[in-house]
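Numbering starts at 1 and runs along the sequence shown. Numbering of ligands and ligand atoms starts at 1, following listing order.
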Amino acid sequence: MDNARGFADREAIVSEGTVYTYGELMAAANGVSRKLLAGKGSLREARIAFIVPPSFEYVSCQWGIWQAGGIAVPLCVDHPLPSLRYVLEDSQANALIVHPDYEELLRDTARELDVRFLPLEAFSSAPNFAVPESPAPALRAQILYTSGTTNLPKGVVTTHANIEQQIRTLVEAWEWSADDRILNILPLHHVHGIINVVSCALWSGARVEFLPRFSAKTVWEKMATGAITRFMAVPTIYFKLISFWEQQSPEERDRLSTGAQRLNLMISGSAALPVPILERWRSLTGHTLLERYGMTEIGMALSNSFRGERRAGHVGKPLPGVELRLVDGDEQPILEEHVPGEIQVRGPSVFREYWQKPAATAEAFTADGWFRTGDVAERNDGMFRILGRDSVDIIKSGGYKISALEIEAVLLRHPAVDRCAVVGLPDEEWGEIVAAAVVPTAPNPDFAAISDWLREQIPAYRLPRRWLAVDALPRNTIGKVTKKPLKELF
Ligand code: MCA
Ligand code: AMP
């Protein structure tokens, strides 16, 4: 936010066809701060949830909350009511800023939970008084909800200092410049969109253009017309872009490919980038995708090089300021190459805590402050290669992290489900797809009806796409469901 003062007249955001300068962004953020503060000096880390699609207004709210000393809690615009309610309750939100499209959905819930309901329109008439200086670095800035090995998502709290470090390391490593222009097609309740795309661009005086939703046609058009200089996405999006390109005429393919060649950087992350996608993308655009590795709790940790080597199937080396090690089962550092171990990370970009979960926070760190990622990797000629995760209960689909346990807990509430187990199955397009095995309470369960019911409870990307009715779930000698044999059943 401080940097923005130096860029006041530059273009900051393109949103719904309108171009906004940094000066306009700061003015709008000030309006949000003033309205939230209503005369007070600071929000003192009050949780301000907001449900606003990726847009100029989204960033105005985020900056306004930060400037007023609040903790920003962005809600996912695609989540069904129970998921939104969970975040409002768990974060103990004090206020909720609501885009007009979501007022009806959320008004009653906010009233029930005693959360101050603030329609977005109210911010255009903010009272006029001085806004405080930038918040102290140690203050909590943001809570993002992430699925894990528990059945409910946990709130990952980052401070202003954590966020600043997460941005600085990427701006340096990927050589962001004020002349860059990026398209954001990612949801803005996760680090990939919030930090890597939007915050890095705005830190650098660059320009962000928002697409409310991903559309392969529009992304290709933006690349072809030279509207953007860089692009970042999850592997599924590159898969979809390749499929779109393959459906075009030879002349159109040429036009799209020639345009894409002009970008200065294209990045893939959030899930493993399959080597065939990397190679196909290179043949279409001439770009070797830069793959990097990160996590909500730590920001980005490993990255291939902007100017140097980008090795297929590898996630590169630690980013500046990131301390990273591999450890064995006894948490002893592994120094040799080609030996798998858990990735642990330490440093100023690592989150502060899981919101109101001191036991889970303590468990996530070693005594000397290393964060246990749960991801397994090996070192291979100086570069890291991700091998998988230590838990079968975490699924990555379309770049989203999904907890099998969460889906199982919800499914068990359906009257047709006696027992169930959820796994991830490999899938070319989505990385993994969610699959559910069900022991039904009566023969021939109607999986379409169960799926419709589930859609009201959990986000669409967490829905099982494959179903199987079984007489019993495979279990080990102590009665625990064994998920590897279960995957074989599919
Ligand atoms: C959606 N569909 C799916 C899935 N998701 N089917 C199978 N598996 C899925 N995971 C179905 C929908 O239900 C629908 O079908 C149809 O696909 C189209 O849905 P829609 O939502 O419109 O799909 P889309 O717009 O094409 O979305 C695909 C997407 C999206 C753009 C790839 O999943 C996405 O934005 N992913 C990025 C997530 C992200 O930002 N992750 C970063 C977190 P039907 O009509 O039958 O329902 S990780 C992170 O931040 C860390 C720090 C990191 O390292 O980056
Ligand atoms: P999230 O918690 O949603 O931030 O997702 C973080 C997880 O995504 C990590 O713990 C990894 O399992 C996975 N991930 C991120 N980037 C990569 C990558 N390049 N390759 C493999 N897995 C990745």
Side-chain angles (χ1 to χ4, degrees), residues 54 76-79 144-149 153-154 156 158 166 170 184-198 211-219 232-241 243-244 267-275 277-278 289-304 312-316 342-343 345 349 351 371-377 384-391 394-403 424-425 427-435 448 451-452 454-455 458-466:
C76 174
V77 291
D78 290 330
H79 279 188
L144 300 180
Y145 278 79
T146 184
S147 296
T149 45
K154 296 194 283 286
V156 174
T158 40
Q166 292 181 3
L170 297 184
N184 180 74
I185 37 94
L186 293 168
L188 290 185
H189 63 294
H190 281 305
V191 162
H192 198 161
I194 298 173
I195 302 291
N196 299 22
V197 179
V198 177
L211 267 197
R213 300 201 68 82
F214 167 67
S215 140
K217 185 175 186 334
T218 316
V219 171
M232 299 183 193
V234 300
T236 301
I237 288 180
Y238 287 105
F239 180 98
K240 287 173 183 283
L241 290 172
S243 305
F244 179 89
I267 297 185
S268 172
S270 300
L273 174 66
V275 174
I277 295 188
L278 176 138
L289 289 171
L290 183 158
E291 184 173 9
R292 59 38 174 204
Y293 157 87
M295 194 173 180
T296 307
E297 286 88 335
I298 59 174
M300 296 304 110
L302 291 161
S303 174
N304 276 283
H314 292 71
V315 288
E342 185 194 35
I343 301 178
V345 177
S349 57
F351 77 124
F371 172 68
R372 304 179 165 116
T373 64
D375 287 309
V376 178
F384 286 83
R385 177 180 167 78
I386 309 284
L387 300 171
R389 289 196 59 91
D390 62 5
S391 166
I394 290 182
I395 301 167
K396 262 274 165 166
S397 188
Y400 282 112
K401 192 174 182 185
I402 299 171
S403 162
L425 302 178
D427 184 82
E428 219 191 341
E429 178 170 8
W430 298 98
E432 288 182 293
I433 50 163
V434 178
S451 184
D452 287 346
L454 205 54
R455 199 181 272 276
I458 62 172
Y461 62 81
R462 294 184 199 159
L463 288 177
R465 306 283 155 173
R466 300 267 309 273

Can a non-hydrogen atom of Asp375 be found less than 4.0 Å from any atom of ligand 2?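 Within the 4.0 Å threshold, so yes.
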Within the structure, is a non-hydrogen atom of Arg292 found at a distance of less than 4.0 Å from ligand 2?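 Flag set, Arg292 near ligand 2.
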Output yes when Asp427 and Lys396 qualify as a salt bridge under the 4.0 Å nitrogen-oxygen rule, no when they do not. no
Salt bridge present between Arg372 and Glu342 (N-O < 4.0 angstrom):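 So Arg372 does not pair with Glu342 through a salt bridge.
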Establish, from distance only, whether the side-chain atoms of His79 and Tyr461 form a donor-acceptor pair under 3.5 Å. yes
Where ligand 2 meets [X] - atom numbers and elements under 4.0 angstrom, heavy-atom basis:
X: Glu291; result: 18 (C), 19 (N), 20 (N)
X: Arg389; result: 10 (O), 12 (O)
X: Lys401; result: 1 (P), 2 (O), 3 (O), 5 (O)
X: Gly294; result: 6 (C), 7 (C), 9 (C), 15 (C), 16 (N)
X: Val315; result: 19 (N)
X: Thr146; result: 2 (O)

What I'd like to find out is whether the side chain of [X] reaches to under 4.5 Å of the side chain of [Y], using heavy atoms alone.
X: Pro54; Y: Leu186; result: no
X: Lys154; Y: Leu144; result: no
X: Met300; Y: Gln166; result: no
X: Pro274; Y: Phe239; result: no
X: Leu273; Y: Ile277; result: yes

Applying salt bridge (charged side-chain N to carboxylate O under 4.0 Å, His left out) to Asp390 and not counting sequence neighbours gives none
Taking distance alone, with N or O pairs closer than 3.5 Å, would you say Lys396 contacts ligand 2?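 There is such a contact, yes.
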Evaluate Tyr293 for polar contact with ligand 2, using N/O atom pairs at a separation under 3.5 Å. no
At what distance is the nearest protein heavy atom to [atom], and which residue and atom is it?
atom: atom 17 (C) of ligand 2; value: Ala271 N, 3.6 Å
atom: atom 4 (O) of ligand 2; value: Thr296 OG1, 2.6 Å
atom: atom 22 (N) of ligand 2; value: Ala272 N, 3.8 Å

Heavy-atom closest pair, residues Leu290 and Ser303: CD2-OG, 3.4 Å
Sequence neighbours excluded, which residues qualify as ring pair (Phe, Tyr, Trp, His ring centres under 6.0 Å) partners of His192?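 For His192 there are no ring pair (Phe, Tyr, Trp, His ring centres under 6.0 Å) partners, ignoring immediate neighbours.
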Under the ring pair (Phe, Tyr, Trp, His ring centres under 6.0 Å) test, which residues partner Phe384, sequence neighbours left out? none
Applying a heavy-atom distance cut-off of 4.0 Å, which protein residues contact ligand 1? Leu186, Pro187, His190, Val191, His192, Arg213, Phe214, Val234, Thr236, Ile237, Lys240, Ser270, Arg292, Gly294, Met295, Thr296, Met300, Lys396, Ser397, Gly398, Gly399, Tyr400, Trp430, Arg455, Tyr461, Arg465
The one among Ser268, Ala377, Gly313, Ser270 that brings a heavy atom closest to atom 16 (N) of ligand 2: Ser270
More than 12 heavy atoms from other groups under 6.0 Å of CD on Glu428: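 Incorrect, the count does not exceed 12.
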Is His190 touching ligand 2 with its side chain, its backbone, both, or neither, if touching means heavy atoms under 4.0 Å apart? neither
